[in-house]
Amino acid sequence: MLTASVTVDPAFTVGPVRPRTFGSFVEHLGRCVYTGIHEPGHPTADADGFRGDVLELTRELGVTTVRYPGGNFVSGYRWEDGIGPVADRPRRLELAWHSTEPNLVGVDEFVRWCRAAGVEPMMAVNLGTRGVQEALDLLEYCNGTGDTALANLRRANGSEEPHDIRMWCLGNEMDGPWQIGHKTAAEYGRLAAETARAMRMIDPDLVLVACGSSGSGMPTFGEWERVVLTESYDHVDMVSAHAYYYEEDGDLASFLASAVDMDHFIESVVATSDAVRAAGKHRKRIAISFDEWNVWYQKRAESHVPEGDDWPVAPVLLEDRYNVADAVVVGGLLISLLRHSDRVHAASLAQLVNVIAPIMTEPGGRSWRQTIFHPFALTARHAAGDVLRLAVDTPTHETAKFGEVAALDAVATHDPATGDVVVFAVNRSVADELELAVDVRGLGDLRIVEAVTLSNPDHTWQATADDADSVVPVPNAGATADGARVKAVLPAVSWTMLRLATS
Ligand code: AHR
């Protein structure tokens, strides 16, 4: 058995646990909207046609923000198509996913769905085929409070109160050659700056996110951020990061260490943005909105978009089925996001329903939790207070993708109001159990409130509509607390949460 230890000291804080870290994403893609969150004929549907079962699972997941309406979709989207009487809305060719968009759901319905789900909407504007004026129009339509044409149009469409959307993404993945209206960093940086500057004339307090890179493997990674932020630094609050390189392609050890890539991604963007800060003699710091991240099996048939004359409405697309190892990786990626809470101020698990998602639905039928649902829900529910910098002593092993990596990955939170500590830990070993000792010096004697572990002898087990519950986080029976020392055995390929409270 491997052994590792972490030392938890409440003096060493990284930053606060930021609620917006636990965001998600709803795109008009595949069955995320139609038969995902929205299905008027479903037995649980509300007056707006939103599925009650999905709303309930969204609340249980603990999602805080939901980004909308894309994704690649937004770069060809006319937001005006999605307002007003549903019967009058146009059906459009949707180029990003080679589908037909019926526009049954638009911004007003989405905001109503957010209110029902108890989440904050995060809106993206189209900077692919459109520009400053359309972004301003959408902002005025959503948030306008006065007697102006677009605010009145919203009222006429049934939303008397302003939507008051605070977070806005200035386009989506504009560095990607696949993006409709793809731009160079200089072109996009100028457009982002001018769009942001004009949006702030309506409301200076918006939280504005410039597009960073679609992945740390992009050929322009680093230089993209440098140029975009040089153009837009004074006008934006955050730069985005997207990461989907995580999939098990026969190399489980590397896959389990995916958080190494996320750590590197975040630290590189921080370094670049701080270099721009220094060069431009700026005072503020730019934060990161990691607004698309997940495991994604991009080579599988589920991710192949329709072709030719086939332009379906809500096709089955990107419907990855996740296994236990995928869930362990998702838990590890959350550890990475929390560990950087000084600079990662928002994040969105992509996506929420059906499309690379923690929640799955059958049209007209059941909904269920995928394996990745569990580490997300537990982390969102229990991470509280400050994120702590841990001293970690762990064995290491070699991986093909990342070289030598730690077997144990962990982060802890400490709530100064209650004294409660929560440790989140992953055992990345493919074969060995790991005995973890947590030294909680500085916190007095702690007792275990809850110790749960997600693992399975067969890490390829997947949840289905028929059986979503036979592998879920279960009590870690051997976990013990003895004075200032807590111990637990973490199985190979596992994710664990230890909730500790003062005795
Ligand atoms: O989440 C799926 C797609 O991945 C999004 O539309 C796009 O932004 C990213 O490339």
Checklist entry - Do Asn172 side-chain atoms and Gly71 backbone N/O form a donor-acceptor pair below 3.5 Å? => result yes
Item to check | Derivation of the ring pair (Phe, Tyr, Trp, His ring centres under 6.0 Å) call for Trp79 and Tyr141 | outcome: CA-CA 10 Å; Trp79 66 267; Tyr141 180 86; 5.2 Å; yes
Checklist entry - Under 30°, 30 to 60°, or over 60°: which ring-plane class applies to Phe73 and Tyr77, parallel, tilted or perpendicular? => result tilted
Item to check | Distance (rounded to the nearest 0.5 Å) between Leu206 CG and Ile165 CD1 | outcome: 10.0 Å
Checklist entry - Among side-chain atoms of Asn294 and Tyr246, is any donor-acceptor pair under 3.5 angstrom? => result no
Checklist entry - From Arg78 CZ over to Thr129 OG1, what is the distance, rounded to the nearest 0.5 angstrom? => result 7.5 Å
Next on the checklist: Looking only at the aromatic ring of each residue, does the gap between the centers of Trp293 and His242 stay below 6.0 angstrom?
Outcome noted: no
Item to check | Of Val207, Val209, Ile286, the residue whose pairing with Val236 passes side-chain contact (heavy atoms from CB on, under 4.5 Å) | outcome: Ile286
Checklist entry - How about Arg59: does its CZ atom have over 12 heavy atoms from other parts shown lying under 6.0 Å from it? => result yes
Checklist entry - Looking only at atom types and distance, does a side-chain atom of Thr413 sit under 3.5 Å from a main-chain N or O of Ala383, one as donor and one as acceptor? => result no
Next on the checklist: With no hydrogens and no angle check, just 3.5 Å: does a side-chain donor-acceptor pair link Glu140 and Thr148?
Outcome noted: yes
Item to check | Check: Asn126/Ser75 side-chain N/O donor and acceptor closer than 3.5 Å | outcome: no
Item to check | Axial cation check for Phe12 ring with Arg389, 6.0 Å and 45° limits | outcome: no
Checklist entry - In this structure, are over 12 heavy atoms from other groups packed under 6.0 Å from His264 atom NE2? => result no
Item to check | Ser289 side-chain N/O to Ala347 backbone N/O, donor-acceptor pair under 3.5 Å | outcome: no
Next on the checklist: Quiz question: by atom type and distance under 3.5 Å, do the side chains of Trp97 and Glu27 form a donor-acceptor pair?
Outcome noted: yes
Checklist entry - What's the verdict on side chain to side chain donor-acceptor pair (under 3.5 Å) for Arg154 and Asn143, showing C-alpha distance, side-chain angles and the deciding distance? => result CA-CA 9 Å; Arg154 185 199 66 239; Asn143 290 4; over 6 Å; no
Item to check | Residues Glu173 and His182: side-chain donor-acceptor under 3.5 angstrom | outcome: no
Checklist entry - Side chains of His42 and Arg51: donor-acceptor distance under 3.5 Å anywhere? => result yes
Checklist outcome for this item: On a heavy-atom basis, the closest approach of Asp320 and Ile356 is OD2-CG2, 3.7 Å
Next on the checklist: Looking only at the side chains, is there a donor atom on one of Asp53 and Ser367 sitting less than 3.5 Å from an acceptor on the other?
Outcome noted: yes
Next on the checklist: Tell me whether Arg277 at atom CZ has more than 12 heavy atoms from other residues, nucleotides or ligands lying less than 6.0 Å away.
Outcome noted: yes
Checklist entry - Roughly how far, to the nearest 0.5 Å, is CH2 of Trp113 from CG of Leu55? => result 6.5 Å
Checklist entry - Is it the case that Glu225 and Ser213 place a side-chain donor and acceptor less than 3.5 Å from each other? => result yes
Checklist outcome for this item: With Arg89 as partner, the option from Glu109, Glu101, Glu80 fulfilling salt bridge (Lys or Arg N to Asp or Glu O under 4.0 Å) is Glu109
Next on the checklist: How long is the straight-line distance from CD1 of Ile202 back to CG of Leu136, given to the nearest 0.5 Å?
Outcome noted: 5.0 Å
Checklist entry - In this structure, are over 12 heavy atoms from other groups packed under 6.0 Å from Lys299 atom NZ? => result no
Next on the checklist: Can you tell me how far apart CZ (Arg499) and CG (Asp420) are? Round to the nearest 0.5 Å.
Outcome noted: 7.5 Å
Checklist entry - How are the rings of Phe22 and Phe376 set relative to one another: parallel (under 30°), tilted (30 to 60°) or perpendicular (over 60°)? => result perpendicular
Next on the checklist: How close do Thr195 and Leu127 get, counting heavy atoms only, and between which atoms?
Outcome noted: OG1-CD2, 3.8 Å
Checklist entry - Under 3.5 Å, is there a donor-acceptor pair between the Ser214 and Asp175 side chains? => result yes
Next on the checklist: Please evaluate residues His28 and Tyr68 with respect to the criterion ring pair (Phe, Tyr, Trp, His ring centres under 6.0 Å), reporting the C-alpha separation (whole Å), side-chain torsions for both, the decisive distance (0.1 Å), and the verdict.
Outcome noted: CA-CA 8 Å; His28 286 249; Tyr68 175 87; 5.3 Å; yes
Checklist entry - Above 12 or not: heavy atoms from other molecules or residues under 6.0 Å from CD of Glu56? => result no
